[in-house]
Amino acid sequence: MSKRIVIELTNRCNLACQHCFSGRHGGNDDLSLDLLEKVFGEAKRLGFEHLTFTGGDPTVYRYFAELLAKVAEYNYRFSFVTNGYNFTASHKKILPYLDWLEQITFSLDGATEESHGALRGKHSFRQVIAAMKLAKSLDIPFSNNMVVTRHNYLELRDLAELVYSLGSKGLRFGHLMHSPLTTAKGWDLSLDERQQVEANIWQLQADYAQKLPIAMAPGFSTEQLFPCAPLNMMEVNIDAHGNISKCCHLSSHGPIASQDDVVGNLATMPFSEGVLKLFAANERFKRLKQAYFEKAASQDNKSPCWYCSKHFRKVDWLKQFPENPWFEYLNSVAETK
Ligand SMILES: C[S@@+](CC[C@H](N)C(=O)[O-])C[C@H]1O[C@@H](n2cnc3c(N)ncnc32)[C@H](O)[C@@H]1O
Ligand code: SF4
Ligand code: SF4
């Protein structure tokens with residue numbers, strides 16, 4: 001796997017999904033092209049080969065066409081994740097740059113109009129299905145993401161069959177990061193339920209081995225303490241404010257986002273300095289996590305993203321939800337800071 005930069009181009013979006021942190025879609029910020037061009041130049045010299053765009057929705061980014069021209073000029077491979085909502089219009093901007101495109105990832109959070117729409121709003125299912133059909137007809141490679149919650153966890157196999165039938169190149173399931181809204185709705189699965197979901201996904205992966213690559217995003221239960229690209233310095237994240245942050249899973253997390261995962265802003269430091277700061281912050285984090293689990297009880301919850309969420313104070317608000325199945329895991333990590 002090549003080193004990549006994940007860039008939140010904007011915190012504006014054409015949807016307002018129930019599971020998404022408001023800071024990701026309720027803003028009015030677009031990264032400037034000047035800032036991105038500086039990053040592209042420096043990052044190439046540091047060995048980065050791949051750019052992944054996220055948001056908000058990348059397709060509503062004000063300078064999307066100009067951005068893709070820069071990607072080609074600096075000769076990066078790129079991919080982006082989108083809700084597919086306005087793909088029938090926005091795909092025209094991508095067509096000149098297919099030689100640089102690795103894939104588009106369409107987010108699909110249910111196998112039916114009802115379940116996808118419950119998170120993403122009415123009409124969004126029809127739009128994303130139309131986007132996938134259009135991509136297929138134009139030979140544009142695409143994959144899919146699904147966030148697993150209580151409302152859709154029984155649809156994993158149906159969803160795999162659906163995206164396979166539409167020509168998807170791969171499907172990645174991810175656990176829900178806690179937010180006050182999803183918690184209030186009771187959509188968080190317990191740790192035991194998540195582990196049952198994981199077992200179902202590994203079974204699905206085996207069943208589809210000859211048809212469709214199926215994977216899970218980091219965050220599933222594992223004995224590995226550092227199981228993801230950001231912690232292994234294979235991925236650097238830039239948020240819509242120009243911050244270099246630990247991980248896109250953590251940016252805008254929580255109602256009043258804690259900023260402990262941010263190492264600096266690209267308005268005041270070069271990208272190379274941000275990478276060094278990130279490396280130092282990662283090393284410190286890894287020492288603390290290692291020390292914590294050397295002392296922790298063997299049955300302690302090792303869900304990696306949950307550990308980060310607590311360490312970076314993203315889920316302090318969960319104290320108001322004592323009936324939530326994750327409440328019992330709230331107390332253990334804070335003292336490691
Ligand atoms: C923030 S969105 C940005 C890209 C684009 N707007 C989209 O929806 O695909 C990137 C991915 O994060 C997922 N996501 C949003 N909120 C999440 C949460 N609370 N937990 C886990 N994943 C989440 C979305 O479902 C989507 O697949
Ligand atoms: S998940 Fe994506 S489409 Fe939905 S509100 Fe968030 S950024 Fe927008
Ligand atoms: S939240 Fe932590 S464990 Fe999860 S992907 Fe990000 S850095 Fe890795």
Side-chain angles (χ1 to χ4, degrees), residues 6-27 52-61 79-87 90 104-110 116-117 119-121 124 127-128 131 142-149 152 171-183 185 187-189 194 216-222 224-237 239-240 245-254 260-261 278 281-282 285-286 289 302-312 314-315 333:
V6 177
I7 305 175
E8 270 177 32
L9 294 173
T10 176
N11 56 15
R12 294 181 303 111
C13 192
N14 44 4
L15 295 182
C17 303
Q18 297 279 311
H19 63 306
C20 189
F21 309 127
S22 54
R24 291 243 177 98
H25 60 81
T52 298
F53 301 120
T54 180
D57 207 78
T59 61
V60 306
Y61 177 56
S79 50
F80 64 94
V81 53
T82 175
N83 55 38
Y85 201 77
N86 68 357
F87 191 69
S90 62
I104 298 172
T105 300
F106 292 113
S107 293
L108 191 61
D109 295 320
H116 179 83
L119 285 190
R120 291 183 165 263
S124 58
Q127 295 292 105
V128 70
F142 69 89
S143 66
N144 295 92
N145 266 1
M146 179 193 193
V147 176
V148 184
T149 84
N152 65 12
L171 173 58
R172 196 161 94 138
F173 295 105
H175 286 308
L176 182 68
M177 301 290 286
H178 297 77
S179 80
L181 190 62
T182 57
T183 297
K185 284 188 182 276
W187 281 344
D188 302 330
L189 296 172
R194 280 194 185 192
M216 277 208 81
F220 56 87
S221 307
T222 170
Q224 287 179 46
L225 292 183
F226 315 118
C228 58
L231 290 178
N232 290 295
M233 289 306 290
M234 292 303 287
E235 180 183 301
V236 173
N237 286 269
D239 73 16
S245 74
K246 190 100 190 150
C247 174
C248 63
H249 282 199
L250 301 172
S251 73
S252 304
H253 198 167
D260 293 355
D261 53 319
L278 186 64
N282 265 344
F285 171 86
K286 286 161 86 169
K289 187 169 180 184
K302 287 205 174 117
S303 303
C305 301
W306 169 252
Y307 182 93
C308 285
S309 297
K310 277 199 299 179
H311 180 92
F312 292 106
K314 306 287 183 179
V315 282
V333 168

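As the structure lists them, so they are numbered: ligands from 1, and atoms in each ligand from 1. Small disclaimer: the values here were computed from a predicted structure and weren't measured. All values below come from the heavy atoms of this structure, side chains included, with hydrogens, waters and symmetry mates left out.
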Residue portion contacting ligand 1 (non-hydrogen atoms closer than 4.0 Å) for Thr105: neither
Return the closest protein heavy atom for [atom] as residue, atom name and distance.
{"atom": "atom 22 (N) of ligand 1", "answer": "Val147 CG2, 3.4 Å"}
{"atom": "atom 8 (O) of ligand 1", "answer": "Arg120 NH2, 3.1 Å"}
{"atom": "atom 8 (Fe) of ligand 2", "answer": "Cys13 SG, 2.3 Å"}
{"atom": "atom 2 (Fe) of ligand 3", "answer": "Cys308 SG, 2.3 Å"}
{"atom": "atom 5 (C) of ligand 1", "answer": "Asp57 OD1, 3.2 Å"}
{"atom": "atom 20 (N) of ligand 1", "answer": "Met177 N, 2.8 Å"}
{"atom": "atom 6 (Fe) of ligand 3", "answer": "Cys247 SG, 2.3 Å"}
{"atom": "atom 12 (O) of ligand 1", "answer": "Arg24 NH1, 4.6 Å"}
{"atom": "atom 4 (Fe) of ligand 3", "answer": "Cys305 SG, 2.4 Å"}

Just jot down the ligand 2 atoms closer than 4.0 angstrom to any heavy atom of [X], in number order.
{"X": "Arg120", "result": "1 (S), 3 (S), 4 (Fe)"}
{"X": "Leu15", "result": "3 (S), 5 (S), 8 (Fe)"}
{"X": "Cys17", "result": "1 (S), 3 (S), 4 (Fe), 5 (S)"}
{"X": "His25", "result": "5 (S)"}
{"X": "Asn83", "result": "3 (S)"}
{"X": "Gly56", "result": "7 (S)"}

Could you tell me if the side chain of [Y] sits less than 4.5 Å from the side chain of [X], heavy atoms only?
{"X": "Gln18", "Y": "Ser179", "result": "no"}
{"X": "Cys228", "Y": "His249", "result": "no"}
{"X": "Met177", "Y": "Leu250", "result": "yes"}
{"X": "Phe80", "Y": "Thr105", "result": "no"}
{"X": "His116", "Y": "Ser124", "result": "yes"}
{"X": "Lys314", "Y": "His178", "result": "no"}
{"X": "Asp109", "Y": "His19", "result": "yes"}
{"X": "Gln224", "Y": "Lys302", "result": "no"}

Non-hydrogen atoms of [X] and [Y] that approach each other most closely:
{"X": "Val147", "Y": "Asn152", "answer": "O-ND2, 2.8 Å"}
{"X": "Leu119", "Y": "Trp187", "answer": "CD2-CZ3, 3.1 Å"}
{"X": "Tyr85", "Y": "Asn14", "answer": "CB-ND2, 3.7 Å"}

Contact atoms of ligand 3, heavy-atom distance to Cys228 under 4.0 Å: 3 (S), 5 (S), 7 (S), 8 (Fe)
Pro304 neighbourhood, listing ligand 3 atoms whose heavy-atom distance to it stays under 4.0 Å: 3 (S)
Sub-4.0 Å protein heavy atom next to atom 15 (C) of ligand 1: yes
Under 4.0 Å to a heavy atom of [X] - the qualifying atoms of ligand 1, by number:
{"X": "Thr54", "result": "3 (C), 4 (C), 10 (C)"}
{"X": "His19", "result": "14 (N), 15 (C), 16 (N), 17 (C), 18 (C), 19 (N), 23 (C), 24 (C), 25 (O)"}
{"X": "Asn83", "result": "5 (C), 7 (C), 9 (O)"}
{"X": "Phe21", "result": "19 (N)"}
{"X": "Val81", "result": "4 (C), 5 (C), 9 (O)"}
{"X": "Asn145", "result": "27 (O)"}
{"X": "His175", "result": "21 (C)"}

Nearest-0.5 Å distance, CG of residue Asn11 to OG of residue Ser22: 10.0 Å
From SG (Cys247) to CD (Glu235), nearest 0.5 Å: 6.5 Å
Modelled atom types, side-chain donor and acceptor of Asp57 and Asn83, under 3.5 Å: yes
Side-chain donor-acceptor pair present, Asn237, Ser245, cut-off under 3.5 Å: no
Contact check, Cys20 vs ligand 1, heavy-atom distance below 4.0 Å: yes
Sub-4.0 Å heavy-atom approach of Gly174 to ligand 1: no
Mutual orientation of the aromatic rings belonging to His311 and Phe285 [parallel < 30°, tilted 30-60°, perpendicular > 60°]: perpendicular
Ring centres under 6.0 angstrom apart (Phe106, Phe87): yes
Heavy-atom proximity to atom 9 (O) of ligand 1, best of Pro58, Ser107, Gly56: Ser107
